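The structure under discussion is supplied below as structure tokens; questions concerning it will follow.
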Number of protein chains: 2
Amino acid sequence: MLSLSEENHLKSIFHLSINSEDGVSTNSIAKNLNTKASSVTEMLKKLNEKLLIVYIKYHGAQLTELGRKTALKIIRKHRLWEVFLVEKLDFKWDEVHEVAEQLEHIQSEKLTNELDKFLNFPTHDPHGDPIPNPAGFIKITPKLKLSDLGIGETGKFIGVKDSSSAFLKYLDKRKISLGCNIKVLHQEEFDQSLHIGLDETNLTISIKSASNLYITKI
Amino acid sequence: MLSLSEENHLKSIFHLSINSEDGVSTNSIAKNLNTKASSVTEMLKKLNEKLLIVYIKYHGAQLTELGRKTALKIIRKHRLWEVFLVEKLDFKWDEVHEVAEQLEHIQSEKLTNELDKFLNFPTHDPHGDPIPNPAGFIKITPKLKLSDLGIGETGKFIGVKDSSSAFLKYLDKRKISLGCNIKVLHQEEFDQSLHIGLDETNLTISIKSASNLYITKI
DNA sequence: AAAATAATTTAGGCTTACCTAAATTATAAC
DNA sequence: GTTATAATTTAGGTAAGCCTAAATTATTTT
Ligand SMILES: [Mn+2]
Ligand SMILES: [Mn+2]
Ligand SMILES: [Mn+2]
Ligand SMILES: [Mn+2]
């Protein structure tokens, strides 16, 4: 049985591993978890002892297969609870993360799997992130950003890179919601902002926003 | 914000207060929480500082109004989650307590109140215990036990005193479930066991079991 | 390839929540 | 009312998880 802190470190390492071949740095974990590098070092030693990561002094940490599965089981719970909160309890997609951070640590396989069933085995959470299966398996699909599309191309909005409450609320305000189709109409030269077509309406978004929207080409 | 341990101590004091005018003893709390008396003493000092209890050395602890409300808010969450697990996730009434012990510590008023709404504002948990309102108010009704009934009298089964998994499963096996009517037919002299009528069938239960069943006279 | 800088680890502390053993106080038995 | 016993508190430790400051190692600049 892992402690809350151990679980959070594993999750953090998992998320920081996504875009990096080699070890995750002590500092990046510390930043991610709002602690100090020295605290992280201690934890890395412990997780290494428990065979959840491979930790080489001064060279960061990498999840072992066991560590990866363990992280994904926590992420599975996080995402299932997020679905529950949005689908059943009328939470908005920008309100769920904080609570899910707590709920993801509840220990009960039965609870997790019954919740999964109750929600009808959802495949993605409210932010478009995939939900791992009970064994901790997940299909990682390479993601395209809206900013990667060329003029005239259309994409389906399938996820957010930045899932901060601020960005999610911004999307709500512009009526940009998961599943909608977005056509790139034109790009401003001086600031790269994009004119896009969304359902009936057109609007303009900054290149920064566009690079935080995951899409699939249509 | 209270720690998990602080919350558990408050809850324990609340439950142990039910049948006692004066302070709850250090030892009883220690037994209840599976810790040692010396650990409890430390915590009582702290809760006293925080104005959640009145603690007098060598004379146990009593909840303040604030402490009582706080305890009842935790108990509210516990019982709402138990309802959720039974009603929505197909848990049996003997399987919910452990998980609810974890879920009761999740901090989110919105979550609790939305859950309450989702469950249609249940008044009692799966064991017949009343659910406090959002402000931590609860109506305590004096409880009769089946063993208090006279021969020939009938009661409606409304709650369990002993909610151990073993006892709950025993009741399942005998098809004794919340809400059913029980008539006391006869009492054996040598061991006080009761012959009771339940729907169409008759059966015999020990006086010990009978004293763990809460009923209202009909 | 040194020197400067940045990242990381180590050393030494702190707090919470536990524990055991000893001392103290309350309660029960005589 | 003493005395014995039980309950409780105090004293002194431990482990986890955090911290700051100092030392060490890696990386970048010159
Ligand atoms: Mn989240
Ligand atoms: Mn999410
Ligand atoms: Mn319970
Ligand atoms: Mn209950």
Side-chain angles (χ1 to χ4, degrees), chain A residues 1-13 15-17 19-63 67 70-71 74 101-102 104-105 107, chain B residues 1-13 15-17 19-63 67 70-71 74 101-102 104-105 107:
Chain A
M1 264 266 299
L2 299 177
S3 73
L4 192 133
S5 185
E6 289 170 326
E7 291 197 344
N8 283 336
H9 279 79
L10 281 182
K11 218 174 30 128
S12 189
I13 296 167
H15 284 128
L16 294 167
S17 296
N19 303 307
S20 80
E21 271 308 297
D22 40 282
V24 175
S25 76
T26 306
N27 260 350
S28 63
I29 299 168
K31 198 162 296 172
N32 190 248
L33 293 179
N34 251 290
T35 59
K36 302 291 156 151
S38 55
S39 306
V40 173
T41 300
E42 278 182 49
M43 185 56 81
L44 295 184
K45 286 178 188 168
K46 207 207 304 188
L47 294 176
N48 185 71
E49 279 305 307
K50 295 192 175 188
L51 306 178
L52 293 159
I53 63 172
V54 174
Y55 164 58
I56 299 166
K57 255 194 203 178
Y58 292 103
H59 294 280
Q62 279 185 292
L63 292 174
T70 307
I74 302 162
E101 284 291 307
Q102 297 179 61
E104 72 189 4
H105 300 288
Q107 311 276 175
Chain B
M1 265 268 296
L2 299 178
S3 73
L4 191 133
S5 184
E6 288 169 328
E7 292 198 343
N8 283 336
H9 279 79
L10 282 182
K11 218 175 28 128
S12 189
I13 296 168
H15 284 128
L16 295 168
S17 297
N19 304 305
S20 81
E21 272 306 299
D22 41 282
V24 176
S25 76
T26 306
N27 260 350
S28 63
I29 300 169
K31 198 162 295 171
N32 190 247
L33 293 178
N34 251 290
T35 59
K36 302 292 156 146
S38 55
S39 306
V40 172
T41 300
E42 277 182 49
M43 184 56 81
L44 295 184
K45 286 179 187 167
K46 208 206 302 185
L47 294 176
N48 185 70
E49 280 306 307
K50 294 193 176 187
L51 305 179
L52 292 160
I53 64 172
V54 174
Y55 163 58
I56 300 166
K57 254 193 202 177
Y58 293 104
H59 294 281
Q62 279 186 291
L63 292 173
T70 308
I74 301 161
E101 284 291 308
Q102 298 179 61
E104 72 190 5
H105 300 288
Q107 310 277 172

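Since we're looking at a predicted model, the values are computed, not measured. We name chains A, B, ... by the order of the sequence lines, and we start the count at 1 in each one.
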Q. Checking B:Gln62 side chain against B:Glu21 main chain: does a donor-acceptor pair fall under 3.5 Å?
A. yes

Q: Calculate, to the nearest 0.5 Å, the distance between atoms CG and CD1 belonging to A:Leu44 and A:Ile29 respectively.
A: 5.0 Å

Q) So where does chain A start and stop touching DNA chain C, 5' to 3', when the test is distance under 4.0 Å to a non-hydrogen atom? A) C:dA7 to C:dT10

Q. Whole Å only: how far is the CD atom of A:Glu6 from the C1' atom of D:dC18?
A. 14 Å

Q) B:Lys11 and B:Glu101: salt bridge (Lys or Arg N to Asp or Glu O under 4.0 Å), yes or no, with the steps? A) CA-CA 11 Å; B:Lys11 218 175 28 128; B:Glu101 284 291 308; 3.1 Å; yes

**Q.** Polar side-chain atom of A:Ser12 near backbone of A:Asn8 as donor-acceptor pair, under 3.5 Å
**A.** no

Q: Could you tell me the separation between the CG atom of A:Asn8 and the P atom of D:dG17, rounded to a whole number of Å?
A: 11 Å

Q) Does any residue of residues 27-40 of chain B have a heavy atom under 4.0 Å from DNA chain D, and if so, which ones, in number order? A) B:Asn27, B:Ala37, B:Ser38

Q. Considering residues at least two apart in sequence or located in another chain, which fulfil the side chain to side chain donor-acceptor pair (under 3.5 Å) criterion with A:His59?
A. none

Q. For residues 41-57 of chain A, which residues have at least one heavy atom under 4.0 Å from DNA chain C?
A. A:Thr41, A:Lys45, A:Tyr55, A:Lys57

**Q.** B:Thr35 side chain to B:Lys31 backbone, donor-acceptor under 3.5 Å
**A.** no

Q: Mind checking side chain to side chain donor-acceptor pair (under 3.5 Å) for B:Lys46 and listing every partner two or more places apart, or none if nothing turns up?
A: B:Glu6

(Q) When you measure from the side chain of B:Gln102 to the backbone of A:Gln107, do you find a donor-acceptor pair of N or O atoms at a distance under 3.5 Å? (A) yes

Q.
Can you tell me how far apart OG1 (A:Thr26) and OH (A:Tyr58) are? Round to the nearest 0.5 Å.
A. 10.0 Å

**Q.** Results of side chain to side chain donor-acceptor pair (under 3.5 Å) for A:Ser25 - residues two or more places apart only
**A.** A:Ser28

